[in-house]
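Since the structure comes first, as structure tokens, the remarks are kept for the end.
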Protein chains: 2
Amino acid sequence: MSTPARKEAADWLTHAELKIHDAGLHRSTPRQKVIDLLADQDCAITALEMDQRLSGVGRATVYRAIEQLEDLGLVQKVDLGKGAQGFEKIDPSGHHHHHLVCEHCGRVQSFEDERLEKAIHRIHRRGFTVESHEITLRGRCSDCARPEPMSVSRPAPTGSRINAGARL
Amino acid sequence: MSTPARKEAADWLTHAELKIHDAGLHRSTPRQKVIDLLADQDCAITALEMDQRLSGVGRATVYRAIEQLEDLGLVQKVDLGKGAQGFEKIDPSGHHHHHLVCEHCGRVQSFEDERLEKAIHRIHRRGFTVESHEITLRGRCSDCARPEPMSVSRPAPTGSRINAGARL
DNA sequence: TATCAGATTGAGAATCAATCTCAAAATAGA
DNA sequence: TCTATTTTGAGATTGATTCTCAATCTGATA
């Protein structure tokens, strides 16, 4: 596979490794595995899922690595709804996307919108320095379209099906 | 006190009570306390904080009430950073705001921006029905402005000072 | 290559948030 | 008042995240 996404991932990986090194951090196998896994994802992944997928890497290490990467501006947190939070790489080019979260099945899709970015960048508030932003649209994905004309309460909610990670 | 905000709160309260009744829910003291507390807030408050402030209301009831209000479209979840999530009332007029979260001290401010709303409403993605949206800008508030030229790692982070709730 | 200070790790305990359970209590309407 | 239904809350449970600390690994230097 060598789609644009593939290339972007490689860019991020290189960039990340450089920054890690510049920060005076050692190069260790467990942390590297975390970084590689993140580089492979198209969209957000939860900490716990990373932990599960990475055998031979302790939970503490996963969380620590994520925190370090966050501090270095290499990954960002994403609210996945239902209180779940995921993490995804920040592209060094500044190129980024936002998320559509289906309230029904929990699926997360990504989208980009130039007009929206412009509107965001025009926002200034007294004394507040904006460093990053996050936008989440909630609703129903095509699969879950028409709500069944059923019960009044919770419509068979998310469960733990988080981050099914479909690309748009 | 009878600022516009006060009035809005009263509107919401009336509206909320009506919807609760229409949904066939009983009128109970504990739930009413939850609703009153929400009506009183200018900005987001966490579930746990509500629980602490409301003596005589069980934790389960607080969470349950919030869930019901969410289902009825009366309150919405807000990501407060550091994994904390808060809830705030949704004004029946459709009038709403978004948030500025200080990464340094955790303070949450609110802001409104018409241009941004317009950009949001112009977004359409194949098959996805947008029902609500959330926008969070992260950065540094005026109090925490210039980062101290200190250590490389975590700059004395948030701790649990969430929802200091200053209005803009 | 040997050495060492400092960085890194991981198992398990601890913490914290959120959810679930279910018997007892409260409510609305007849 | 009576009853079917809704609601409640104490406490157990689950689930995610953080903390602890001795053992291990790394990079730079001698």
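Every chain is numbered from 1 and lettered A, B, ... according to where its sequence line falls, protein lines coming before strand lines.
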Legend entry - Single-linkage hydrophobic cluster B:Met50~B:Ile20, side-chain heavy atoms < 4.5 angstrom: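 They do share one cluster, since a chain of ILVMFWY contacts under 4.5 Å joins B:Met50 to B:Ile20.
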How many whole angstroms separate atom [atom1] of [X] from atom [atom2] of [N]?
| X | N | atom1 | atom2 | result |
| --- | --- | --- | --- | --- |
| B:Ile20 | D:dT6 | CD1 | P | 15 Å |
| A:Arg27 | C:dG6 | CZ | C1' | 19 Å |
| A:Met50 | C:dG10 | CE | P | 13 Å |
| A:Asp51 | C:dG12 | CG | P | 14 Å |
| A:Glu49 | D:dG15 | CD | C1' | 15 Å |
| A:Leu80 | D:dA16 | CG | P | 13 Å |
| A:Arg31 | C:dG6 | CZ | C1' | 13 Å |
| B:His21 | D:dT5 | NE2 | C1' | 15 Å |

Legend entry - B:Ser28 side chain near C:dA26 phosphate (N/O to OP1/OP2, under 4.0 Å):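 No, B:Ser28 has no side-chain N/O under 4.0 Å of OP1/OP2 on C:dA26.
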Inset, instruction - Scan nucleotides 14-22 of chain C nucleotide by nucleotide, 5' to 3', and note B when protein non-hydrogen atoms come under 4.0 Å of the base, S if they reach only the sugar-phosphate, - if neither. - result: ---SBBB--
With the side chain counted from C-beta on, respond yes when [X] and [Y] share a heavy-atom pair under 4.5 Å apart, and no when they do not.
| X | Y | answer |
| --- | --- | --- |
| B:Ile123 | B:Val130 | no |
| A:Gln109 | B:Arg125 | no |
| A:His15 | A:Ser93 | no |

Inset, instruction - Could you check which of D:dT8, C:dT8, C:dA28 has an atom nearest any side-chain atom of B:His26? - result: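 Nearest listed nucleotide: C:dA28.
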Legend entry - Heavy-atom donor-acceptor pair, A:His96 side chain to A:Gly94 backbone, under 3.5 Å: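 Yes.
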Inset, instruction - Please determine if B:Asp79 and B:Arg138 form a salt bridge, counting it only when a charged side-chain N lies under 4.0 Å from a carboxylate O. - result: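 Between B:Arg138 and B:Asp79 there is a salt bridge, with a charged N closer than 4.0 Å to a carboxylate O.
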Inset, instruction - Could you label the plane-to-plane angle of the B:His133 and B:His121 rings as parallel, tilted or perpendicular, counting under 30° as parallel and over 60° as perpendicular? - result: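 Because their plane-to-plane angle is over 60°, the rings of B:His133 and B:His121 count as perpendicular.
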Legend entry - Along DNA chain D (nearest heavy atom to each residue), the more 5'-positioned of B:Gly24 and B:Val62: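 On the 5' side of the pair lies B:Gly24.
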